[in-house]
Chemist: 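Attaching a single structure in structure tokens format; questions to follow.
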Amino acid sequence: MPRLQLNSRTGTGVATDFPKDLHVALERYNHRETEPKWQSFWTDGKCFEAKEDFSRPKYYVLEMFPYPSGRIHMGHVRNYTMGDVIARFRRACGYNVLHPMGWDAFGMPAENAAIERGVHPKGWTYDNIATMRGQLKSMGLAIDWSREFATCDPSYYRHEQAMFLDFITAGLVERRVSLVNWDPVDQTVLANEQVIDGKGWRSGAAVEKRELAQWFLKITDYAQELLDALTGLDKWPDKVRLMQKNWIGRSEGLTFTFELEDANGKKLDEGLTVYTTRHDTIFGASFCAVSADHPLAKKLALHDPLLEAFRKDVAALGTSEENIERAEKKGFPLHVFARHPFRKDVKLPVFAANFVLMGYGEGALFGCPAHDQRDIDFANKYHLPILPVVAPRGSNANTFQITTEPYVEKDGDNAVLINSEFLDGLSVSEAKVEVARRFEKMGIGKRTVNFRLRDWGVSRQRYWGCPIPVIHCKSCGIVPVPKSQLPVVLPEDVTFDKPGNPLVHHPTWKHVTCPACNEKAERETDTFDTFIDSSWYYARFTSPHDAEAVDPVAAKYWLPVDQYIGGVEHAILHLLYSRFYARAMTKTHHANADEPFASLFTQGMVIHETFKAVNGEWVLPSDALHKDGAWVHANTGEPLTVGGVEKMSKSKRNVVDPDTIIASYGADTARWFMLSDTPPERDIEWTEAGAEGSWRFTQRIWRIVNEIAELPKSAATLHGNGLTLRRLTHRSMAAITEDLNNLRFNRAISRIYELSNAIGPNLSVVDKPPDLSGALREAGETLVLLMAPMMPHLAEECWKLLGHTEAVVNTPWPRAIAELVAVDEVTIAVQVNGKRRDEILLPKAMDRGMLEARVFELESVKRMTEGKIIKKIIVVPDRIINLVVTDQ
RNA sequence: GCCCUUGUGGUGGAAUGGUAGACGCGACGGACUCAAAAUCCGUUUCCGAGAGGAGUGGGGGUUCAAGUCCCUCCAAGGGCACCA
């Protein structure tokens, strides 16, 4: 028998051909012939094309659609395999399944490729799509390809533009000036992630802060609703819900206004409004601080060059650099003072400070150093008093002191107010209520809620994105492009030889006439954030060819997505934007499902060993060779060091190419490996040994099915030979159904191993009685159907071999016979004082008295209880009996 | 700094508060073979010859019974990060 050479490490990764003179066809399963054959069968039969059918329950399963970066990677293989198993399983269970695929096709990598390689973003993108589509098809996915689209298709983004216009009408959009990271060399806005050490990632130029008018979607209008609705998303991971909750960041506090006076004690016209969540500590206040961008600081800076210099300093520090530097608290005295609302003699100096954010609350705060880390740092630097006003219950108010570490006990009953006049003795929460009550009565403050969530800035100064459909007119201002003129199509004749957005440099594109006054005007040259594209694609899939963005009938039938699968890296942005978008689409009557994804699953990453050469360069796993217990380079033979097991990434070169794997092992093997052993939410390590193990299992199934196919056909019975096998067969059906319903693929697979392990010994029985043959055939057929969602090609081939004319894809999911799932004998563990001492096989649901009698006959029990007193006997029916004994 | 998650054999991992280690990988032994590969049959938590004992990151607790619940500490991973 020729050996199949399976070594992708040597770089060939190709199976040797099967000699034709041997009868290997029956012995070896040949995925390279079988897989394309069944893929054509499914395609030709339009097996996975979905249609609305109101008489059947629907199931919409969706994996996060890929960015067409070039080639698929193992992370895609894992993601789409999981979705595919669900799609095939639900389909077999009788659901009308929608399982579409598309491309998140706008974005910067296409422009980078254009700049670096001189290719056009469009050509680059569609070429990648063609490659990746082919790769996905080689995986044998049960996808309705008739619904495919790319977000860079004008037929997609025209609806995005129309919807944006509707959003404007509905008051969901705002245009305002905001600060951005500006790269003066590339003349473009940079995302925070693209600013490294204060410099542009590509140009290396010092990044500036620049004020730019931009479009915002008013997601903050929905902050409370998005927060509240998280509770209802009980099929989402708690982790993701918590991340969104923290991101939205609701806080309840108090907004109130200090009276201000100048250095001479003269009251100023305006006051200083601050936001706080610790109004209980008002008697511990020792200063106020405002943001460098606060109107008060701006106004005073007009006559104070030093203050203006300080403001510039703070602005230059930017946002991203601070994290690295752990920027020191810095303040600049404004020489104005805030009058304490309850103590007329106390005057708090007001500073402009670098740690106060203009975007949160009122951009101003009062500092209570004794009970806040940041405030105490600031107070110690500028020699401000530290007045403790909260202390652990029972401590001495006169001697309780704080110097460098704040006391931050917030809630609960173990902290009390001290040194705070009418608040003394109250708990923190009681004091908050009292202070709020007094401020409201005095008319200087009120309870307010603040959110951390900011509005969503969607303008990007980029070419490869959806054009924002507005026109800027000198006399009419901002004029929406009339819907009849949509789509605003991206021009293709652009160049990337100049820095900045090619749309700005384009000779004609932006020059238009104003739709309102017919005078000369200019198009908006900004494009949308690509997160907009991915915020509604799931809805477009329900009616991808409709003349409107979403066909209401289709949307009503298919939405929401029943199962959404993707990486946890999208836990916040994409998933929060989509939730907002769903609401915005409801408001503008484009759809009516407020929550887009009923159930969410976040799968783990694919990780792999890393290899490093002597010169420090990373080495591809396919170039690493295990030789005499050490790793060497396959070509040069030089020794390699094995690094950590990390996420597959191009930079570490620890990638395995799906094409190579599918060519050498087959799609079914790759799919099987991705689902085996590791729970889907955890990171899975790709190993050669594991892949070979999965491959061997495909061969084992093939052998088993071949043998079963040759057995004489006879009925399985409820008695006699093969009953044990039948019980396992039916229990496997029940358990695997449950596992797949709960996405516990690794558990389902272990049960398939168990079933196949049980078939083996029965097959080697010589002169099988007819009822055993019947049980074996049933077990084999069940095995094939149960594994079909994971290994669809092998399943079809086996099913045919077993004599079926209807394909597995059109065969219903097997249903367990209750009588065979039920157990009639149970093994009961016998414990003495909670320790297992023996076990006993008994009929199910045995009477307690009889059970005890049988247990006391056991030698082990006699030995352990001899001369002791039985205090208590605990019986858990059909599971355990525990004898509690003592010496006395 | 704050918040969250996870710690189980050589390894990936099973286990509604009820027999810890299912199933896979690896390893070891055997069968088949001139031999190897493939395949099949065993063994594989640790200590102990055995009876037996110990054991789910460490320590404590609740319970007849704890991998599972509670407290605490340690380690790894993740999220947020001047949010007043």
Side-chain angles (χ1 to χ4, degrees), chain A residues 1-5 27-28 237-240 242-247 249-251 253-254 274-279 281 288-289 291 319 322-323 326-329 353-357 359-368 372-375 377-378 408 450-454 568-569 571-572 672-673 676-679 681-685 687-694 696-697 699-700 703 744 746-757 760-761 764 827-840 863 871-885:
Chain A
M1 193 67 63
R3 187 196 172 199
L4 202 59
Q5 306 238 316
E27 302 289 337
R28 291 273 195 218
D238 289 341
K239 179 181 163 185
V240 173
L242 184 68
M243 280 164 74
Q244 292 211 350
K245 182 180 176 223
N246 292 339
W247 186 262
R250 180 193 154 98
S251 85
L254 191 74
V274 299
Y275 173 73
T276 181
T277 57
R278 289 303 305 272
H279 30 295
T281 64
C288 286
S291 161
T319 48
E322 293 198 32
N323 305 339
R326 288 184 169 276
E328 200 185 348
K329 310 277 171 287
N354 64 346
F355 62 86
V356 185
L357 305 172
Y360 189 79
E362 301 294 324
L365 54 86
F366 79 79
C368 176
D372 184 279
Q373 184 66 51
R374 192 194 46 205
D375 292 348
D377 293 346
F378 191 80
V408 286
N450 256 292
F451 294 94
R452 209 193 73 104
L453 184 69
R454 300 271 73 92
V568 73
E569 66 272 19
I572 297 171
W672 189 256
F673 179 91
S676 306
D677 297 344
T678 305
E681 69 278 9
R682 288 199 211 167
D683 291 350
I684 190 170
E685 185 185 353
T687 62
E688 192 83 359
E692 281 178 19
S694 294
R696 278 200 300 273
F697 186 66
Q699 298 301 331
R700 188 156 140 226
R703 278 195 305 277
R744 300 184 345 152
N746 57 319
R747 198 71 186 86
I749 281 183
S750 73
R751 291 188 213 274
I752 287 174
Y753 277 111
E754 277 176 309
L755 181 57
S756 74
N757 288 346
S764 45
T827 309
I828 292 178
V830 180
Q831 294 184 339
V832 178
N833 285 344
K835 280 198 184 290
R836 195 189 76 95
R837 294 297 171 183
D838 211 334
E839 61 182 36
I840 185 168
R863 202 166 60 234
K871 274 185 71 179
K872 201 171 174 185
I873 300 175
I874 313 264
V875 175
V876 181
D878 297 333
R879 298 217 76 146
I880 218 159
I881 177 165
N882 187 15
L883 312 175
V884 185
V885 304

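Per chain, numbering begins at 1; letters A, B, ... match sequence-line order.
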Chemist: With RNA chain B as reference, determine whether A/Asn882 or A/Gly690 sits nearer its 5' end, using the nearest nucleotide of each.
Modeler: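 Here A/Gly690 is the residue nearer the 5' end.
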
Chemist: Look at all strands and tell whether A/Val876 reaches a base, only sugar-phosphate, or nothing, counting heavy atoms closer than 4.0 Å.
Modeler: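 Counting heavy atoms under 4.0 Å across all strands, the contact made by A/Val876 includes a base.
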
Chemist: Side-chain N or O of A/Arg837 versus OP1/OP2 of B/G53: is the shortest distance under 4.0 Å?
Modeler: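 Looking at the OP1 and OP2 atoms of B/G53, one of them is under 4.0 Å from a side-chain N or O of A/Arg837.
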
Chemist: Does a nitrogen or oxygen in the side chain of A/Lys872 sit under 4.0 Å from OP1 or OP2 of B/C64?
Modeler: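 So the side-chain polar atoms of A/Lys872 do come within 4.0 Å of the phosphate oxygens OP1 or OP2 of B/C64, strictly under.
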
Chemist: Contact class for A/Ser694 (heavy atom, under 4.0 Å): base, sugar-phosphate, or nothing?
Modeler: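 Touches nothing.
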
Chemist: What's the separation between atom OG1 in A/Thr277 and atom CG in A/Asn450, rounded to the nearest 0.5 Å?
Modeler: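 Answer for the OG1-CG pair, A/Thr277 versus A/Asn450, is 9.5 Å.
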
Chemist: For A/Ile840 and B/G18, what is the distance between atoms CD1 and C1' respectively, to the nearest whole Å?
Modeler: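 Rounding to the nearest Å, CD1 of A/Ile840 and C1' of B/G18 are 17 Å apart.
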
Chemist: Looking at B/G77, which nucleotide sits across from it as a Watson-Crick or G-U wobble partner, both distances under 3.5 angstrom, or is there none?
Modeler: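 By the stated definition (distances under 3.5 Å), B/C4 pairs with B/G77.
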
Chemist: Between B/U16 and A/Arg879, counting only base atoms on the nucleotide and side-chain atoms on the residue, is there a donor-acceptor pair under 3.5 Å?
Modeler: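 Yes.
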
Chemist: Using a cut-off of 4.0 Å on non-hydrogen atoms, how would the nucleic acid contact of A/Pro761 be classed: base, sugar-phosphate, or nothing?
Modeler: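 No contact.
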
Chemist: Choose from B/U39, B/A84, B/A14 the nucleotide whose nearest atom is closest to any side-chain atom of A/Arg747.
Modeler: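 It is B/A14.
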
Chemist: Give, for atom CZ of A/Arg374 and atom CG of A/Asp377, the distance between the pair rounded to the nearest 0.5 Å.
Modeler: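 Rounded to the nearest 0.5 Å, the CZ-CG separation comes to 9.5 Å.
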
Chemist: Would you say a side-chain N or O of A/Arg682 is under 4.0 Å from OP1 or OP2 of B/G13?
Modeler: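 Result: yes.
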
Chemist: Taking the P atom in each of B/G18 and B/G24, what is the distance between them to the nearest angstrom?
Modeler: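 These two P atoms come out 24 Å apart once rounded.
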
Chemist: Please report the distance, rounded to the nearest Å, between CH2 in A/Trp247 and C1' in B/C2.
Modeler: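 Answer to the nearest Å: 16 Å.
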
Chemist: For A/Gly834 versus A/Asn882, what's the shortest heavy-atom pair and its separation?
Modeler: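 Heavy atoms only, the tightest pair is N-OD1, 2.9 Å.
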
Chemist: RNA chain B: A/Leu242 or A/Ile874, which has the more 5' nearest nucleotide?
Modeler: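 It is A/Leu242, whose closest nucleotide lies nearer the 5' terminus.
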
Chemist: From CD of A/Gln373 over to C1' of B/G1, roughly how many Å is that when rounded to an integer?
Modeler: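 Interatomic distance, CD of A/Gln373 to C1' of B/G1: 8 Å.
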
Chemist: Nearest-Å distance, CD1 (A/Ile572) to P (B/C4)?
Modeler: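 Atom-to-atom, A/Ile572 to B/C4, this comes out as 15 Å.
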
Chemist: Separation of A/Leu365 atom CG from B/C83 atom P, in whole Å?
Modeler: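 About 9 Å, once rounded to whole Å.
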
Chemist: Which base sits across from B/C82 as a Watson-Crick or G-U pair, both distances under 3.5 Å?
Modeler: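 Across all strands, not a single nucleotide pairs with B/C82.
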
Chemist: What integer number of Å spans the C1' atoms of B/G59 and B/A66?
Modeler: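 Looking at atom C1' only, B/G59 and B/A66 are 16 Å apart.
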
Chemist: Base of B/G61 relative to its sugar, syn (within 90° of 0) or anti?
Modeler: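 In terms of base orientation relative to the sugar, B/G61 is anti.
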
Chemist: Please state the P separation for the pair B/G17 and B/G67 - nearest whole angstrom.
Modeler: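 Rounded to whole Å, the distance is 13 Å.
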
Chemist: Mind checking the C1' distance from B/C4 to B/G61? Whole angstroms is fine.
Modeler: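 Roughly 25 Å separates the two C1' atoms.
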
Chemist: In whole Å, what is the span from the CD atom of A/Gln831 to the P atom of B/G17?
Modeler: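 From A/Gln831 CD to B/G17 P: 16 Å.
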
Chemist: Give a yes or no on whether the backbone of A/Val885 and the side-chain of A/Asn833 come within a donor-acceptor separation of less than 3.5 Å.
Modeler: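 Yes; at least one donor-acceptor contact below 3.5 Å.
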
Chemist: In this structure, how many angstroms lie between the C1' atom of B/C2 and the CZ atom of A/Arg374, rounded?
Modeler: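 Rounded to the whole Å, the gap is 13 Å.
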
Chemist: Could you identify the nucleotide paired to B/A66, looking across every strand shown and requiring Watson-Crick or G-U wobble geometry with both distances under 3.5 Å?
Modeler: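 Partner of B/A66: none.
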
Chemist: Would you say a side-chain N or O of A/Tyr753 is under 4.0 Å from OP1 or OP2 of B/G24?
Modeler: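 Looking at the OP1 and OP2 atoms of B/G24, neither is under 4.0 Å from any side-chain N or O of A/Tyr753.
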
Chemist: Please determine, for B/A49, whether a Watson-Crick or G-U wobble partner exists with both distances under 3.5 Å, and give it or none.
Modeler: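 Its partner: none found.
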
Chemist: Please determine, for the side chain of A/Leu357, which listed nucleotide (B/C80, B/U39, B/C83) has the closest atom?
Modeler: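 For A/Leu357, the side-chain atoms sit closest to B/C83.
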
Chemist: Is the shortest side-chain N/O distance from A/Arg452 to OP1 or OP2 of B/A81 below 4.0 Å?
Modeler: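 So the side-chain polar atoms of A/Arg452 do come within 4.0 Å of the phosphate oxygens OP1 or OP2 of B/A81, strictly under.
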
Chemist: Applying side chain to side chain contact (heavy atoms under 4.5 Å, CB included) to A/Thr687 and A/Phe673, what does each step give before you reach the verdict?
Modeler: CA-CA 9 Å; A/Thr687 62; A/Phe673 179 91; 4.1 Å; yes

Chemist: Give A/Thr678 one of three labels, base, sugar-phosphate or nothing, depending on what nucleic acid heavy atoms sit under 4.0 Å from its own.
Modeler: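 Counting heavy atoms under 4.0 Å across all strands, the contact made by A/Thr678 is with sugar-phosphate only.
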
Chemist: How far apart are the closest heavy atoms of A/Phe378 and A/Lys329, and which atoms are they?
Modeler: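 Heavy-atom minimum between the residues: CD1-CB, 4.0 Å.
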
Chemist: In whole Å, what separates the P atom of B/C23 from that of B/A14?
Modeler: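 Rounded to whole Å, the distance is 14 Å.
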
Chemist: What integer distance in Å separates A/Glu839:CD from B/A20:P?
Modeler: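 Roughly 10 Å, once rounded to whole Å.
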
Chemist: Does OP1 or OP2 of B/G26 have a side-chain N or O of A/Arg696 closer than 4.0 Å?
Modeler: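 Yes, A/Arg696 has a side-chain N/O under 4.0 Å of OP1/OP2 on B/G26.
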
Chemist: P atom, B/A37 versus B/G30: distance in rounded Å?
Modeler: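 Those two atoms are separated by 13 Å.
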
Chemist: In the structure shown, which nucleotide is the Watson-Crick or G-U wobble counterpart of B/G26, with both distances under 3.5 Å?
Modeler: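 Base partner found: B/U44.
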
Chemist: Taking A/Tyr275 for the side chain and A/Gly253 for the main chain, is one N or O donor matched with an acceptor at less than 3.5 Å?
Modeler: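 Side chain of A/Tyr275 to backbone of A/Gly253: a pair is present.
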
Chemist: Does A/Arg454 reach a base, just sugar-phosphate, or nothing at all? Heavy atoms under 4.0 Å.
Modeler: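 A/Arg454: no heavy atom of the nucleic acid under 4.0 Å.
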
Chemist: Does the base of B/C82 carry an N or O that pairs as donor and acceptor with the side chain of A/Lys329 under 3.5 Å?
Modeler: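 For A/Lys329, whose side chain was compared with the base of B/C82, there is a donor-acceptor pair (under 3.5 Å).
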
Chemist: Does a nitrogen or oxygen in the side chain of A/Asn757 sit under 4.0 Å from OP1 or OP2 of B/G24?
Modeler: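 Yes, because at least one side-chain N or O of A/Asn757 sits under 4.0 Å from OP1 or OP2 of B/G24.
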
Chemist: Describe, in one word, how the ring planes of A/Tyr753 and A/Phe697 are oriented to each other, choosing from parallel (under 30°), tilted (30 to 60°) and perpendicular (over 60°).
Modeler: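 Tilted.
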
Chemist: Verify side chain to side chain contact (heavy atoms under 4.5 Å, CB included) between A/Asp372 and A/Arg278, making sure each step is shown before the conclusion.
Modeler: CA-CA 10 Å; A/Asp372 184 279; A/Arg278 289 303 305 272; over 6 Å; no

Chemist: Please measure how far the C1' atom in B/A20 lies from the corresponding atom in B/U45, and state the result in whole Å.
Modeler: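 Here B/A20 and B/U45 have their C1' atoms 10 Å from each other.
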
Chemist: When rounded to the nearest Å, what value does the distance between C1' atoms of B/C32 and B/A65 take?
Modeler: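 Approximately 49 Å lies between the C1' atom of B/C32 and that of B/A65.
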
Chemist: Side-chain N or O of A/Asn746 versus OP1/OP2 of B/A14: is the shortest distance under 4.0 Å?
Modeler: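 Yes, A/Asn746 has a side-chain N/O under 4.0 Å of OP1/OP2 on B/A14.
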
Chemist: With a non-hydrogen cut-off below 4.0 angstrom, is A/Val830 in contact with a base, only sugar-phosphate, or nothing?
Modeler: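 The residue A/Val830 makes no contact with any strand.
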
